[in-house]
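Notes to accompany the following structure.
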Amino acid sequence: MTISENVAAVLDHVITAENKSGHKTTVIGVTKYVDADKARELVEAGITHIAENRTELFLDKQEKVSDLPITWHLIGTLQRRKVKDVINHVDYFHALDSIKLAYEIDKRADHVIKCFLQVNVSGETSKHGFSPDELADVLPEISNLSKVKIVGLMTMAPIDASETELIEIFDKAKSLQVEIASQNLARIPCTELSMGMSQDYQQAILHGATFVRIGSKFFK
Ligand SMILES: *Cc1c(COP(=O)(O)O)cnc(C)c1O
């Protein structure tokens, strides 16, 4: 299948899930597997939100397709020493997973950065992110940082999660997001949910995802 055929198929499924769930979802194309020409094809097929997971690849891609109108997402773990190189080029950062990183972003940003707090809902030890219990302590502190805006929560389900586990994780993330939003903390609107990838984006939308991050499905 061509990229544009894959895009059409994914968007079709997204619209069906949106209609069932009653809310809109933004599809982010993850281009970490492909070169800039393929990324360009994806954008030309209609996916204008693009994500990379590594700083170097992010900056390289961005430069190579700088003529296109793209909203840029950084989705992977970000080392503190790399924040200054990349943060002002990012529209959305999805992997805010420590207080120290939040302070570094606040220090290096020249404008307000839209961030997702990464939450480890599944409790897998290999996963990055705050545990749900930690959030009560970190939220008031992050709320004080003038350049860090928490637009929502991001979570990843284990690759081998069963259908039941998957739904539990998505529902838990959704209830955390709603609970945080209800606190009305400064700079923490927390209205968005970034969850769902190639394998599980339809389920994620049905359970509240407002951003899905899709890579391999576009490039098969
Ligand atoms: C690679 C990646 C994705 C996309 O994964 P696919 O299964 O290829 O759709 C989504 N989110 C993150 C954080 C990733 O690193």
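Numbering of ligands and ligand atoms starts at 1, following listing order.
Looking at Gly215 next to ligand 1, an N or O pair under 3.5 Å apart turns up.
In this structure, Trp72 and Phe58 have perpendicular ring planes: the angle between them is above 60°, well past the 30° mark. Ring-plane geometry between Phe211 and His94 is classed as perpendicular, the angle between the planes exceeding 60 degrees on a 0 to 90 degree scale with a lower cut at 30.
Judged by distance alone, with hydrogens and angles left aside, the side-chain atoms of Glu52 form no donor-acceptor pair with the main-chain N or O of Val30 at under 3.5 Å. The main-chain N or O of Lys64 is found under 3.5 Å from a side-chain atom of Arg40 such that the two form a donor-acceptor pair. Put simply, the side chain of Asp137 never gets that close to the backbone of Glu134: no donor and acceptor are under 3.5 Å apart.
The nearest heavy-atom contact from the protein to atom 10 (C) of ligand 1 is Met197 SD, 3.2 Å. The single protein non-hydrogen atom nearest to atom 9 (O) of ligand 1 is Ser198 OG, 2.5 Å, given as residue, atom name and distance. Summary of contacts: the protein heavy atom closest to atom 5 (O) of ligand 1 is Tyr33 OH, 3.5 Å.
Between Arg213, Arg54, Lys220, it is Arg213 that holds the heavy atom closest to atom 4 (C) of ligand 1. Across the listed options Val30, Ile75, Ile28, Ile214, Ile75 owns the non-hydrogen atom lying nearest to atom 12 (C) of ligand 1.
There is no side-chain donor-acceptor pair under 3.5 Å between Tyr92 and His49.
If you look at Lys32 next to ligand 1, the close heavy atoms, those under 4.0 Å, all belong to the side chain.
Near Ser216, the atoms of ligand 1 lying under 4.0 angstrom from a non-hydrogen atom of the residue are 6 (P), 7 (O), 8 (O), 9 (O).
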